[in-house]
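These numbers come from the heavy atoms of this one structure, side chains and all, not from hydrogens, waters or symmetry mates. The structure displayed is predicted, hence computed values, not measured ones. Just so we're on the same page: letters track the sequence lines, and every chain starts at 1.
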Amino acid sequence: MRIVFFNLVLLFISVCVSGQTDTVSIFINTGQHLLVDSSTVPAKAFNSTSEFKLDGQLFRFTKGQDVILQITNTDTIGHTIEISEYGFSAFIDSGKSVNTPITFSSKGLFQMYSTTEYPNQKYLGLSGLITVESNWDNSFYWNIKEFQSSYNLAVQNGDTIDFANYKPNYFLINGKSNPDIATDTLAKIRGKVGDTLTLHILNSGNSVHSLHFHGYHFKIIASSRTSDVVGWIKDTYPVYAGERTILQMVPDKAGEYPVHDHNLVATTANNYYPNGMFITMIITE
Amino acid sequence: MRKFLALIFFIAAQGVFAQSTTLLIARNIGKKVLDDGTEIRTFGYATKLSENPGIPGPTLIYEEGDSVKIDMWNVSQGAPHTIHLHGLDVDQQNDGVPHLSFEVEHMEHGYYRFKAPHPGTYLYHCHVVSAIHVQAGMYGMLIIKPKGNDKLTWEGGYSFSRDYNFLLSEIDTNWHTDAHLLHPIGHVKIKVPPYDPTYFLVNGSSGTQLRSEAKKVFLKNDNTFLRLANIGYYANRYIFSDKLNASVVSSDGRPLPEAMVSDTLMVFPGERYGVLVNPDNLGDDSVKIEYLNLNTLSVKGTEYMHYEVVEELSANTVSPESFKVFPNPFTSSLRLTNLSKESIKNIAISTTSGQSVYSRVIESNSSIVLQVEHLGPGSYILKATTESGNEIRRLLHKF
Ligand SMILES: [Cu+2]
Ligand SMILES: [Cu+2]
């Protein structure tokens, strides 16, 4: 009797492992982030390996997927990691790994972030993108943020910072600025006339970024800030701090067109133009 | 032969739409006197060589379908300039981004061509070292009106009796020194100062300058259309009195799927909004406009747009009554009779909430019959436009 029960348990476990539940590794890493003017700032990121890289930090899942998130913290402090819409919360002590199951039951764009010393650890870069979709064709992802380099140093050193006096000097899409961002395949919008192109944006920074699209209007598909704007057709959209939004466009002509923050101060890097939040889209016939 | 016919047809088809050429002269020796008397150097677009390029530049107005040609002449002895047609979705060649289309050197002309698209509010501005040239003053509003009716938001949209444009920006005088304005030319990195504006502009004016301007006039129980645009580097928050019954109807040159009734509206850099106000109270008041830093969303400046609400149909009504409409109540058609000598140019019918349901350009005034079988039961407002003004009739549709 006991043997039968044990076998049943084994069978159940093997079904789960082989059929449905994948283990996805996420590392909390820390390092020096290289900026467009070759200076560096201390930063942190979620990566799929233990190598630090501040980029789009995108993790893809399909709707209904059951996974075990194995989060490993290589940082010197503990972090509480949350995905608010899923009620997901896990504390991972410095140097430890924690396995937490999660079912990605609804489609959309979500933020995974550190609530530790909120918002300072998130500010340093611990704000990743979770996309739950069935099809990623013609999808692009922008994790936009800005840094005030002195604040990165202060947070790293445990000094207090005050976002009421925030004067950021670097403006980033997936960790990069113009022109380095042009090589980021997640961010660089490429498509053909008539394609439906979907841009997923998370503003993981603390400023509003008023993104202006040359060449085409887009439709606002979703916004985590307000449903008022859903369905609007615009050429400029202000992405608020913490906002997730999905924009869709169908190009009607070929061309290379910029998308940039129309707060033109944000098209600079440490006060030098044009090394800020500026990228081009390339549409072909 | 077929090609020849096609060419003729092409020319004829183009001829249906107005052709217009607009000259804009790019200058870098503008002068601007700020509210406290401080004089700063500016860049800008002028229409004559003798003219100081203003902040903002001239408002360019076209009609839907117009073939527009802008001749930009750079007379600046300095940096190249361009015109970016912000929101007009023009082809790449005409988009005004220097490294993706062309830039216009000193004493050269650059020509920008486009077909005026959706009616709405747009912007134009220089895209060369844009952070500096826009702050320097190289910007203006560009408005596309629906064909044949400049008192309509768009075909099938809202009619209004009056309209006002508000282009907002800021000035940081530290950016207006020669050291920053006369930056190195070529593909080099350009240094900009920290941005800390202290003058907050509405159509180029602030503070006492704004207070000394004529009050805007809104008609009681009638739509006034406000076109709001932000070309600054801060956000603008408009706070409307609830007595204005403000509703947001369009943004970035497109109608909103549904009008949004709101007493506050945030307008971020590069955005444009169309707002209808329809006051139900007479008297003087003002719209409060706050300028917010985008990094902190803290208010750094406040300006007021003063207005007075007056009774509708005062001076500019055609008098005495120049036509009669019957039957009223109506079912499927309307006839205008007893037409006076003053000819009617246009007839528009809207619902009492301002939604346009019928619009027609009148060519011959001998007998005017309007086919309105598509209208459902309810009250409507018919507006006839003549040389000297508008005349309004209230109509009732019966079951
Ligand atoms: Cu210029
Ligand atoms: Cu622009």
Tell me, side chain or backbone of B/H99 under 4.5 Å from chain A's heavy atoms, or both, or neither?
side chain
What residues of residues 243-273 of chain A make heavy-atom contacts with chain B at a cutoff under 4.5 angstrom?
A/K253, A/G255, A/E256, A/Y257, A/P258, A/H260, A/H262, A/N263, A/L264, A/V265, A/T267, A/T268, A/N271, A/Y272, A/Y273
Which portion of B/L85 sits near chain A, non-hydrogen atoms under 4.5 angstrom
neither
Chain A heavy atoms under 4.5 Å from B/I231: which part of the residue, side chain, backbone, both or neither?
side chain
Can you see whether A/N174 engages A/D55 through a side-chain donor-acceptor pair at a distance of less than 3.5 angstrom?
no
For the candidates B/H84, B/H86, B/Q93, B/H183, which exhibits the highest count of non-hydrogen atom pairs separated by less than 4.5 Å from chain A?
B/H86
Side-chain donor-acceptor pair under 3.5 Å between B/S298 and B/N293, yes or no?
no
A quick test of your reading: do over 12 heavy atoms of other residues, nucleotides or ligands sit less than 6.0 Å from CD of A/Q32?
yes
Listed by chain and number, what are the salt bridge (Lys or Arg N to Asp or Glu O under 4.0 Å) partners of A/K44, not counting sequence neighbours?
A/D75
Apply the side chain to side chain contact (heavy atoms under 4.5 Å, CB included) test between B/S251 and each candidate in B/L256, B/V267, B/L265, B/V275; give the one that qualifies.
B/L256
What I'd like to find out is whether the side chain of A/F278 reaches to under 4.5 Å of the side chain of A/F171, using heavy atoms alone.
no
Would you check, one step at a time, whether the test side chain to side chain contact (heavy atoms under 4.5 Å, CB included) holds for B/F268 with B/L294?
CA-CA 9 Å; B/F268 286 86; B/L294 289 166; 3.5 Å; yes
Please classify the contact of A/N169 with chain B as side chain, backbone, both or neither, using a heavy-atom distance under 4.5 Å.
neither
Give a yes or no on whether the backbone of A/K167 and the side-chain of B/N295 come within a donor-acceptor separation of less than 3.5 Å.
no
Select, from B/V97, B/V129, B/T296, the one with the greatest count of heavy-atom pairs under 4.5 Å involving chain A.
B/V129
Using a strict cut-off of less than 4.0 Å between a Lys/Arg side-chain nitrogen and an Asp/Glu carboxylate oxygen, indicate whether B/R272 and A/D235 qualify as a salt bridge.
yes
Checked A/S210, A/A241, A/G276 vs chain B; the most non-hydrogen pairs under 4.5 Å come from A/S210
At a heavy-atom separation under 4.5 Å, does B/P255 approach chain A through its side chain, its backbone, both, or neither?
neither
Portion of B/H118 that has a non-hydrogen atom of chain A nearer than 4.5 angstrom:
neither
Using the rule side chain to side chain donor-acceptor pair (under 3.5 Å), only one of A/Y170, A/Y123, A/Y166 pairs with A/E146; which is it?
A/Y166
